[in-house]
Amino acid sequence: MRCHPEGVHHGYLWGWQLIRNQLDAAPDAATIVVDNQTVNQTIAAVENHFAELIAAGPTARNKRERQHLLRYANEVAVTHSMTGLARQPAPPDASKIVRTFDCECAEPTCDALVDLSVSDAAAVLTAPPPALLAPGHHALQAE
């Protein structure tokens, strides 16, 4: 592994330089300074900056749309995990790799997460939503 003389991995430096070059090429790009802020403060700063775009949508307006977005996010997480595992010289067993997925109950206030092995999540997601539910969560009644 190649490291910077001060111990920083070359990948971090490469990523920083890539972003720096993109910002330099777009002088009108907004920069949101989040140094020394908590995660919640950082989220608030980003939401504030992009408030108009967020308000313009798209948004999930009902149960079916919320479930569709949650299912899409979970399927993407499984796909990314399986693709990453397959790229390794000796791919690990997907049943032993645990990832975090979104609860598909579609309750508007639900932010529950479900930890499952990648292979178990892939199997669960073959059923129609809401198949992946946090303990104690249930499918919403039709809206």
Query raised in the report: Is the number of heavy atoms from other residues, nucleotides or ligands within 6.0 Å of CD (Gln17) greater than 12?
Result: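 Count over threshold, so yes.
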Query raised in the report: Is the number of heavy atoms from other residues, nucleotides or ligands under 6.0 Å of His137 NE2 greater than 12?
Result: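 Yes, because the 6.0 Å sphere around NE2 of His137 holds more than 12 heavy atoms from other groups.
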Query raised in the report: Is any side-chain heavy atom of Arg71 less than 4.5 Å from a side-chain heavy atom of Leu125?
Result: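 A side-chain contact under 4.5 Å exists here.
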Query - Short side-chain to backbone donor-acceptor contact, Thr126 and Ala123, under 3.5 Å - result: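 At least one qualifying donor-acceptor pair exists.
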Report task. Group every Ile, Leu, Val, Met, Phe, Trp and Tyr by side-chain heavy-atom contacts under 4.5 Å, then state whether Leu133 and Phe101 land in the same group. Result ->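 Leu133 and Phe101: separate clusters.
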Requested in this report: Using the rule that two of Ile, Leu, Val, Met, Phe, Trp, Tyr join whenever any of their side-chain heavy atoms come within less than 4.5 Å, decide whether Leu132 and Ile97 are in one cluster.
Outcome: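 The answer is yes; both residues are in one hydrophobic cluster.
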Query - With Glu65, the side-chain hydrogen bond (donor to acceptor under 3.5 Å, both in side chains) member among Gln67, Arg61, His68 - result: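 Passing option: Arg61.
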Query - Remaining members of hydrophobic cluster (4.5 Å side-chain criterion), Trp14 - result: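 Other cluster members: Leu18.
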Query raised in the report: How is the hydrophobic cluster of Val76 composed, in terms of its other members, when Ile, Leu, Val, Met, Phe, Trp and Tyr link through side-chain heavy atoms under 4.5 Å apart, directly or indirectly?
Result: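 Under the 4.5 Å side-chain rule, Val76 groups with Tyr72.
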Query - Spacing of Ser119 atom OG and Met82 atom CE [to the nearest 0.5 Å] - result: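 Output value for this atom pair is 7.0 Å.
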Taking distance alone, no hydrogens or angles, what donor-acceptor pairs closer than 3.5 Å link side-chain atoms of residues 109-116 to residues at least two apart or in another chain?
| unit_1 | atom_1 | unit_2 | atom_2 | d |
| --- | --- | --- | --- | --- |
| Asp115 | OD1 | Thr100 | OG1 | 2.6 |

Requested in this report: Could you tell me which non-hydrogen atom of Leu70 sits nearest to which non-hydrogen atom of Glu104, and how far apart they are?
Outcome: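 Where Leu70 meets Glu104 most closely, the heavy atoms are CD1-CA, 4.0 Å.
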Query raised in the report: What is the minimum heavy-atom distance between Arg66 and Ala106, and which atoms define it?
Result: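 Arg66 and Ala106 have their closest heavy atoms at NE-O, 2.6 Å.
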Under 3.5 Å, which donor-acceptor pairs link side chains of residues 28-37 to any protein atom two or more places apart or in another chain?
none

Side-chain donor-acceptor pairs of residues 42-50 under 3.5 Å, sequence neighbours excluded:
| unit_1 | atom_1 | unit_2 | atom_2 | d |
| --- | --- | --- | --- | --- |
| Thr42 | OG1 | Thr38 | O | 3.0 |

Report task. With sequence neighbours excluded, tell me which residues meet side chain to side chain contact (heavy atoms under 4.5 Å, CB included) with Ala51. Result ->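 Here no residue qualifies.
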